[in-house]
Amino acid sequence: RASISQARTPRKASGSGSGRAVSNVAPPSPVVRLTPMGARDGYVYVYSQDHDSAYEPADRMVMARVPKDKIRERAAYEFFAGMRDGQPTWTADVARRGAVFTHPGRCYRSGVTYNAGLKRYLWCQVLPGRQSTKADPRFEGGLGIYDAAEPWGPWTTVYFTEKWDV
């Protein structure tokens, strides 16, 4: 399974306000793609499909967080472990991470950002083609857009289609 290694020095964040996305943060391994995302609460949230390969869909998405001033310190990362009594729980143990979003066989590359004007987290997810066809998501697949008041959800569907082409 993936773990988060020490990050490279991030480039200057783009945009303005608390919803800035940090770019050029090293993924935990050469094969896992992470989406780091700034937020309103002083943390940077990192989302990833829960799979050993960035090129294979997973059943769930997982999330970690780190104080924005400690992004290069591996020991500062916490992993979302689930909800208890309506509150998120966190763990330092990556093996105890829980799902922040589930969609069996359809969790794939994503981008999440905080929109300060809407006070909502927006999640854009590429949906891979069906496993039975082994289709390349550049040519077959869908698109899901979700939103939530908190980075851990609950997520509501803004837009969803199994067929998406640009």
Side-chain angles (χ1 to χ4, degrees), residues 1-2 4 13-23 25 27-28 31-66 68 71 77-91 94 96-131 133 135-166:
R1 292 288 176 203
I4 296 180
S14 59
S16 62
S18 62
R20 292 186 278 179
V22 177
S23 59
V25 176
V31 296
V32 176
R33 177 178 179 265
L34 299 178
T35 303
M37 187 270 301
R40 70 187 192 289
D41 62 2
Y43 286 93
V44 172
Y45 290 86
V46 183
Y47 297 81
S48 176
Q49 71 239 43
D50 194 17
H51 198 287
D52 292 336
S53 171
Y55 303 100
E56 297 292 329
D59 293 335
R60 67 187 197 157
M61 299 293 289
V62 293
M63 176 179 68
R65 73 177 185 179
V66 63
K68 66 181 177 182
I71 197 164
Y77 283 77
E78 298 177 297
F79 302 89
F80 179 75
M83 300 293 290
R84 186 179 313 133
D85 299 324
Q87 296 298 314
T89 59
W90 303 93
T91 179
V94 68
R96 293 185 51 221
R97 68 193 179 278
V100 69
F101 182 87
T102 59
H103 192 181
R106 304 307 300 273
C107 290
Y108 199 55
R109 309 232 174 139
S110 295
V112 181
T113 190
Y114 180 69
N115 185 297
L118 295 175
K119 297 181 181 174
R120 304 288 289 179
Y121 293 85
L122 302 173
W123 190 326
C124 181
Q125 185 176 52
V126 172
L127 300 173
R130 293 286 175 191
Q131 279 295 93
T133 65
D136 185 327
R138 293 176 298 169
F139 307 110
E140 180 183 315
L143 176 70
I145 301 173
Y146 311 95
D147 77 321
E150 300 295 343
W152 46 84
W155 297 94
T156 57
T157 303
V158 174
Y159 180 79
F160 183 88
T161 183
E162 292 283 340
K163 298 286 184 185
W164 178 258
D165 190 14
V166 290

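Residue numbers count from 1 along this sequence. Because the structure is predicted, anything quoted here is derived from the model rather than measured.
Closest approach of Trp123 to Ser110, counting heavy atoms only: NE1-OG, 2.9 Å. Annotation for Gly98 and Val62: closest pair O-CG1, 3.6 Å, computed over non-hydrogen atoms. Taking each heavy atom of Arg96 and Thr91 in turn, the nearest pair found is NH1-OG1, 3.4 Å. When all heavy atoms are compared, the tightest approach of Tyr47 to Pro151 is OH-O, 2.8 Å. Nearest heavy atoms, Phe101 versus Gln125: CE2-OE1, 3.6 Å. A pairwise comparison of heavy atoms in Ala149 and Tyr121 identifies O-CE1, 3.4 Å as the closest pair.
Screening residues 141-160 for side chain to side chain donor-acceptor pair (under 3.5 Å) gives Arg40-Glu150, Arg120-Asp147, Asp147-Thr156 as the qualifying pairs, with residues at least two apart or on separate chains.
A salt bridge does not link Asp41 with Arg65: every distance from a Lys NZ or Arg NE/NH1/NH2 to an Asp or Glu carboxylate oxygen is 4.0 Å or more.
Between the CE atom of Met61 and the NE2 atom of His103 there is a distance of 12.5 Å, given to the nearest 0.5 Å.
Under the 6.0 Å cut-off for aromatic ring centres, Trp90 and Phe80 qualify, their centroids lying closer than that.
For Gln49 (side chain) and Glu56 (main-chain N/O), a donor-acceptor pair under 3.5 Å exists by modelled atom type. A donor-acceptor pair under 3.5 Å is absent between the side-chain atoms of Tyr77 and the main chain of Val94, judged by distance alone.
Looking at heavy atoms from C-beta onward, Pro57 lies out of side-chain contact with Arg106 at the 4.5 angstrom threshold. The shortest side-chain heavy-atom distance between Asp50 and Arg97 falls under the 4.5 Å cut-off.
Note: Tyr43 and Tyr45 have tilted aromatic rings, judged against thresholds of 30 and 60 degrees for the angle between ring planes.
Listed by chain and number, the residues in a side-chain contact (heavy atoms from CB on, under 4.5 Å) with Thr102 are Arg60, Ala99 (sequence neighbours excluded).
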